[in-house]
Amino acid sequence: MTSFHFGGLLFYDLSDMNRCWRIAMTRQALYLLDRFNHSILHFLNSTTVSLSHTRLAHAYILKTGLSNDNHLTTKLLSLYANNFCFLDANLILNSIPNPNLFCFSTLIHAFSKLNNFGHSLRVFSQMLTHGILPDSYLFPSVVKACAGLPSLKAGRQLHGIISVSGFSSDAFVQASLLHMYLKCGHLREAHKLFDGLSQRDMVIWSALIAGYSRFGCVDEAKVLFYEMRNAGLEPNTVSWNGMITGFNHSGLYSEATSMFQKMHLEGFQPDSATISSVLSAIGDLKDFDMGIQVHSYVVKQGLGPDKCIVSALIDMYGKCSCTLEMSEVFNESDQMDVGACNALVTGLSRNGLVDNSMEAFRRFKGQELELNIVSWTSIIACCSQNGKDMDALELFREMQLEGLKPNSITIPCLLPACGNIAALMHGKAAHCFSIRIGISNDVYVGSALIDMYAKCGRIELSQLCFDKMPNRNLVSWNAIMKGYAMHGKAKETMEMFHEMQRSGQKPDLISFTCVLSACSQKGLTDEGWFYFNSMSQEHGIEARLEHYACMVTLLGRAGKLEEAYSMIKRMPFKPDACVWGALLSSCRVHNNVGLGEIAAEHLFKLEPRNPGNYILLSNIYASKSMWNEVDRVRDMMNSMGLRKNPGCSWIEVKNKVHMLLAGDKLHSQRKQIIEKLNKLSVEMKKSGYFPNHNFVLQDVDVQDKDEILCGHSEKLAIAFGLLNTPSGYPLRVIKNLRICGDCHVVIKFISSFEGREISVRDTNRFHHFKDGVCSCEDFW
DNA sequence: ATAGGGTTAG
C-alpha cells in the first residue's frame, strides 16, 4: 500500500485523504495548504480530485496569489475542463496572460471528448491567433474534430497548415486526415492521400477499407483488403470489423454476413464488435435462421454474458419480429445492464408494442439502473414514430430535468415530433440546442431540421438550414424537395431536383415521389409525365405503386379523370388502396359519380374498415343532391359500426400546443370561440359570403348545416388563435383530415378581415392564407 | 502540466 505525507499527517491512500478534506472543511484545508503550499500541485495531480476539491484549490490559489504560476493554473484548467465545467475553464484561460500550447490542448481535448467539435475548433483558432502552433499530438485531435462535424472546409485548411508545418509524415496525422476525407465523403481525396504515403500501417489500410465499405463500394473494399494482405499485412480483427460494419452502414447486409462467414472459415477469431455488427446485419436481413446459428455460436464460444452481444441479440430478434425470443434473451441476461434494457425498449417499439415499450422504460427508470442518453433517445424515438408526439416532447423535458444532455442522435429523433404537431417553438428550441452543443452541422440533424421547419410551415427556414449544411446527402435533398412539394411550390421542387443532380447526387424513388407530388399540387401534367417517363428511361428506376398513385392524383386533380383511370388499368401492378384512393379523392374534387363509384367499389374491398372512403363517396353523392345514395352509404357505415374519424386541429399558442376537436363541446373557451365565429359569420354575410353546404354530409336543414360547418376543427383552432394571440400575429394550424372547401373560403375571408397570415397544414399539403388569397390558388 | 489515428447500442 502506498502512503504519503500531507500537511504533517500520514495518509495511506488518497481516499483517506479525501475523507480528511471533507472533514477538515474549507478553513482547515486552507490552513494545511498554507503551510505546505509546495504540495498543492502534488495533490492536484492525484487521480481522484473531485470538482469541489478543484474549486477549493482554485480559491486557495486565488487567495495566495499563486495564480501567476502557469503550471498550477493549467492544471486547474485541465481539471475544470475534464469535469466539463467549460465556463470556469474558459475564465481561467482568459485570465492567463501568456497561455501556452498545454492550456489550449487541454480544452480542445476536453471538448472533443464530448463530441463538441465546433467548440474544439473555436479554441483551436483562438490558439492560432495567439501565435501558438500545434504539435504532432494536437493535430490528429483537431482533424478528428473536423471529421466529427464534419467540415471539409476546415479539414482542408488544416491539411494546408499541416503540410507547411512539416507534420504530414506523422502516421497519426495521416490517419486522421484520411479519416476526415472519408467522413466528408471525399473518397478520391482520401485515396490520393493514401497513394502518396511511403509507409502504410494497419490502421491506414483499415480506415480506407472501412471507408469504401461505408460508401457501398464492395469491389474496391475487397480489392484493397487483398492488396493489404499481399503487402504482407495480416488483418489482426479490426480490418474485418471495419469491412463488416462498413457494409452494414451502406445497407449491404448480405455482404456483411458473407464477410463474417469468410472470416470464420479463414480461422480468424471474431470479437464482440464483430458479433454485434453481424447480428445487426442479420436483423436487417430478417434472417432468423442465421440469427439462431450465430446465437448458438455465441453460446459455444462462451461469449453469452458479453453485454454488447446481449443487446445485439435482443436487437436482432426484435428486428426479426421474434418478440418471444427477444424477451427470453432479455430475461436470461443481467437485467441491470442499460444496454440490454435499451435494446428491449427499442425492440418492443419496433414491433408496434408501444405501450409495452413505454411501460418497460418506466420500470427501468424506477429501478436503481442508471438510464443513459441512449435509453432516453430510444423512448423519444418510439413516441415520435408512433404518433405520441406530445409524449416525446414531455420525455425530452423530463430527460433534461434528469440532467442528461441531448446529442446528435437525440435531436433528429425528437424533431419529427415537433414537426408532426407543428410545435415550432419546441422545434426552434431543439435547433438552438443543436447549435449550442455543436452538432448543427451534422447531416442527420440538418435534414431533420429541414423537415421540421417545413412541417411547421416555415419553408424559408428549411431553405436556410439547407443552405448552411456543409455536407448534404440524399436524405437532405429529399427533405427540402418534400418540403417545397408540401407547400405547393412546384417550381422550387423541380429546381432542387435539378440542382441535386448537378451536385452529383443521384435521385432515388423518394426524390421522384417528391417531384411528382409537387407537380400534382399545381396541375403540371406535362412536367409530371416528363419526370415519370424519365424515371426508367434516364435513371433506370422502375416506378413503384406510389409513383402511379402520384400520377393518378396529378391527372385526376387536373380534371383528366378518364386518363387517370386508364393509367390504373394499364399499370403493371395490381393497384392498391393508395391508387384507388387517389382516383376517388380526385372524383370528389370534380364530383364525378361514375368513376367515383368504381374507385369506391375497389376500396370497399381493399380496406372495408376505412371510414374515409365512405365519406368521400357520400360527399360526391351529396354534391349532386343524391340523398338516397347518401343514406345508403351511411347505412353501410352504420351496419359495419364505422364512424367518421373526428376532425382534429392543433395550434401552438404561447409555446403550448392546443388540440381542438370538431364540434368540441367541452373546451374551456367554447363560448368565446363560438361567439367569435358567429361575429365573423355576420361580417362574412355582409360581404356577400354564403356557407357552402356541399361540404355537409348530412341532409339536415339549413341552420343545422351552418352549425355543423362552424364546428369544423380548423375554424375552432383559428378562432382560438385569434382570441389568444395579439392582433397581427400569424397563426399556424394543422389538421388530421383534408381541409374542407367551406373552411378554405372562410379562412381566406378571415385572413383579410383580421389582417392575419394563416397557414393550415392538412394531411396533403400546406395552405398559406394572406390578404384573402391562398397560396394554392384554389387548386387543391 | 496536455495528449494522438482505424472498428463500437439510438
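Here the structure is a predicted model, which is why all the values come from computation and not from measurement. Lettering follows sequence order; numbering is per chain, from 1.
- Between A:His426 and A:Phe396, the gap from one ring centroid to the other reaches at least 6.0 Å.
- Ring planes of A:Phe194 and A:Trp205: perpendicular class, angle over 60° (limits at 30 and 60°).
- A:Ser357 places a side-chain N or O within donor-acceptor distance of the main-chain N or O of A:Val345, the cut-off being under 3.5 Å.
- A:Leu101 comes within 4.0 angstrom of nothing in the nucleic acid, heavy atoms only.
- A salt bridge does not link A:Glu325 with A:Lys319: none of the charged nitrogens is closer than 4.0 Å to a carboxylate oxygen.
- Between A:Glu255 and A:Lys222 there is a salt bridge, since at least one side-chain N of the basic residue sits less than 4.0 Å from a carboxylate O of the acidic one.
- Salt bridge A:Arg397/A:Glu394: present, at least one basic N to carboxylate O contact under 4.0 Å.
- For the segment residues 162-184 of chain A, residues with any heavy atom less than 4.0 angstrom from an atom of DNA chain B are, sorted by number, A:Asp170, A:Ala171, A:Phe172, A:Ala175, A:His179.
- Heavy-atom contacts of chain A under 4.0 Å fall on DNA chain B between two terminal nucleotides, which in 5' to 3' order are B:dA1 to B:dG10.
- Looking at heavy-atom distances under 4.0 Å, A:Arg200 makes no contact with the nucleic acid at all.
- At a threshold of 4.0 angstrom between heavy atoms, the contacts of A:Ser276 with the nucleic acid are absent.
- Heavy atoms of A:Ser136 sit under 4.0 angstrom from at least one base atom.
- Using the six-membered ring where Trp is involved, A:Phe104 and A:His130 have ring planes that are tilted, between 30° and 60° apart.
- Aromatic ring centres of A:Phe361 and A:Trp376: separated by under 6.0 Å.
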